[in-house]
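Quick notes on the structure that follows.
Quick note: numbers below take in every heavy atom, side chains included, and nothing from hydrogens, waters or symmetry partners.
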Amino acid sequence: MNGEMTKSAVRYCRARITKDEPLRYISHLDYASLMQRAICRAKLPAAYSEGFNPHMKLNFASALSVGVTSEAEYMELEIVGNISASEIEDRLRGSLPSGVRLLGIQLLDVKPKALMSLTDEAEYEIEVPLCGSMPEAVAALDAFNAAKECLYIRKTPKKTREIEVKQYILGDIRAKEIRTDTLQLAMAIRVTPGGSVKPQEVLALLAERFSMPVRAKEALIHRCALLSGGKPLLLKEVRP
């Protein structure tokens, strides 16, 4: 089939999908493999690379950290053949694994800019256990929001790197709700070609540097949106 494929036959299917609670702790690579298998089960006419070890032409917008759920995962699949967006939707919806829902789909005839390069903002909601008083939590958040810069030391097995976190924070981090034992936060993070910061790292900084009384490692983090220039990466939504 690859030998018969022409440039004009290739189209691009962009989909918005979820990573729900059952998949919270799988890696991005495992998540991508789940989607490849779902596409095969759906018998979608996916395009493959040429060569000794061909692979499906499937790309994702932004890798999600292990332990984070999302309602804003975006993938783009190159397809061949005459198939409509509604047929792709029906086939794919019936083949998705538990923990993945299809929220939107868009079929493009012209090769779009890569999802990864389009993405410049990620929005998160966070629920974290509170182990101190409400005034302490609010004071810590206010101090962070007022700070002009905040340095975080990112340590990996290969290297240690100093990151200026505030350059990646868009607006203020907001306390959506404060209960006696739980703090709910909303934050928007800038995504750049040179890197970004993880919400887990921001939480760690709030706890360590600003004495926010939370158990940062126990936080439940949920990605609500991925944006490009303030707009969704996918404009057409379908039934959930």
Side-chain angles (χ1 to χ4, degrees), residues 16-32 59-75 99 114-131 137 140-141 143-176 182-228 230 232-233:
R16 178 181 176 183
I17 53 179
T18 67
K19 184 183 180 187
D20 295 330
E21 190 62 37
L23 302 179
R24 179 185 289 275
Y25 295 105
I26 73 165
S27 69
H28 176 69
L29 287 178
D30 288 339
Y31 181 75
N59 298 292
F60 290 83
S62 179
L64 198 66
S65 301
V66 173
V68 181
T69 57
S70 174
E71 61 188 84
E73 296 306 285
Y74 290 86
M75 68 176 189
L115 284 169
M116 190 174 292
S117 62
L118 280 172
T119 305
D120 59 19
E121 180 181 347
E123 295 180 353
Y124 295 90
E125 290 182 351
I126 299 167
E127 186 171 301
V128 60
L130 189 62
C131 54
L141 193 57
F144 175 85
N145 287 333
K148 297 201 179 294
E149 67 174 31
C150 299
L151 297 179
Y152 176 81
I153 306 299
R154 178 183 289 169
K155 296 180 180 179
T156 68
K158 293 185 178 180
K159 63 180 179 180
T160 297
R161 178 186 169 198
E162 190 175 69
I163 300 173
E164 203 296 283
V165 168
K166 291 302 289 282
Q167 66 178 313
Y168 297 117
I169 303 298
L170 295 167
D172 288 345
I173 298 177
R174 297 180 291 109
K176 294 184 64 179
T182 306
L183 177 63
Q184 291 185 341
L185 300 172
M187 70 173 71
I189 294 177
R190 179 179 285 114
V191 180
T192 75
S196 187
V197 67
K198 298 178 182 179
Q200 298 95 317
E201 294 172 331
V202 179
L203 275 179
L205 188 63
L206 281 166
E208 295 166 10
R209 193 73 57 84
F210 292 88
S211 301
M212 177 175 275
V214 293
R215 296 195 292 274
K217 292 182 179 180
E218 299 176 29
L220 297 178
I221 302 172
H222 181 73
R223 184 151 72 189
C224 308
L226 281 180
L227 305 173
S228 176
L233 297 177

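- Sorted by first then second residue, the salt bridge (charged side-chain N to carboxylate O under 4.0 Å, His left out) pairs that include residues 195-218, not counting sequence neighbours, are R154-E201, R215-E218.
- Looking at T69, its side chain never comes within 3.5 Å of a backbone N or O of R24 through a donor-acceptor pair.
- Looking at heavy atoms from C-beta onward, R190 lies out of side-chain contact with D120 at the 4.5 angstrom threshold.
- In this structure, E73 and F60 have side chains that are not in contact, with every pair of non-hydrogen atoms separated by 4.5 Å or more.
- Within 6.0 Å of the CZ atom in R174, the count of heavy atoms belonging to other residues, nucleotides or ligands does not exceed 12.
- Between P199 and I221, the shortest heavy-atom contact is CG-CG2, 3.9 Å.
- When atom types are taken as modelled, the side chain of E71 and the backbone of A225 share no donor-acceptor pair closer than 3.5 angstrom.
- By the 4.5 Å heavy-atom criterion applied to side chains, Y31 and L23 are counted as neighbours.
- Between K176 and E125, at least one side-chain nitrogen of the basic residue sits less than 4.0 Å from a carboxylate oxygen of the acidic one, meeting the salt-bridge criterion.
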Original post:
What do the steps show when you test L185 against L203 for side-chain contact (heavy atoms from CB on, under 4.5 Å), and what is the final call?
Top reply: CA-CA 10 Å; L185 300 172; L203 275 179; 3.9 Å; yes

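- When side chains are defined from C-beta on, Q184 does not count as touching I126, because their heavy atoms never get closer than 4.5 Å.
- Residue pairs meeting the ring pair (Phe, Tyr, Trp, His ring centres under 6.0 Å) criterion with at least one member in residues 187-213, sequence neighbours excluded: F144-F210.
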*Worked check of side-chain contact (heavy atoms from CB on, under 4.5 Å) between T192 and Q167*: CA-CA 10 Å; T192 75; Q167 66 178 313; over 6 Å; no

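- Across all non-hydrogen atoms, the minimal contact from A137 to L130 is CB-CD1, 3.9 Å.
- In this view, E162 and L151, I153 satisfy the side-chain contact (heavy atoms from CB on, under 4.5 Å) rule, not counting sequence neighbours.
- Closest heavy-atom contact between L205 and V165: CD2-CG2, 3.9 Å.
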Open item on the list: Working note: V128 + T182, criterion side-chain contact (heavy atoms from CB on, under 4.5 Å); need CA distance, chi angles, decisive distance, verdict.
Closed with: CA-CA 6 Å; V128 60; T182 306; over 6 Å; no

Practice item. Decide side-chain contact (heavy atoms from CB on, under 4.5 Å) for M116 and S62; before the verdict, give the C-alpha distance in whole Å, the side-chain angles of both, and the deciding distance to 0.1 Å. Key: CA-CA 6 Å; M116 190 174 292; S62 179; over 6 Å; no

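- Side-chain contact check for I163 versus Y168: some heavy-atom pair is nearer than 4.5 Å.
- The structure places OG of S70 at 6.0 Å from NE2 of H222, a figure rounded to the nearest 0.5 Å.
- Contact annotation: the side chain of I189 approaches that of V197 to within less than 4.5 Å [non-hydrogen atoms, C-beta and beyond].
- From T156, atom OG1 reaches atom CZ of R161 across 10.0 Å, with rounding to the nearest 0.5 Å.
- Of all heavy-atom pairs spanning L233 and T119, the tightest one is CD1-OG1, 3.5 Å.
- When side chains are defined from C-beta on, K19 counts as touching L64, because their heavy atoms get closer than 4.5 Å.
- Under the rule for a side-chain contact (heavy atoms from CB on, under 4.5 Å), the partners of D172 that lie at least two apart in sequence or sit in another chain are N145.
- Of the possible donor and acceptor atoms, one in the side chain of S27 sits under 3.5 Å from a partner among the backbone N and O of D30.
- Annotation for I169 and V202: closest pair CD1-CG2, 4.0 Å, computed over non-hydrogen atoms.
- Every side-chain contact (heavy atoms from CB on, under 4.5 Å) that A122 has, sequence neighbours left out, goes to Y124, V191, R223, L226.
- Residues satisfying the side-chain hydrogen bond (donor to acceptor under 3.5 Å, both in side chains) test with S211, not counting sequence neighbours, are none.
- Residues A207 and A216 share a closest heavy-atom pair of CB-CB, 4.5 Å.
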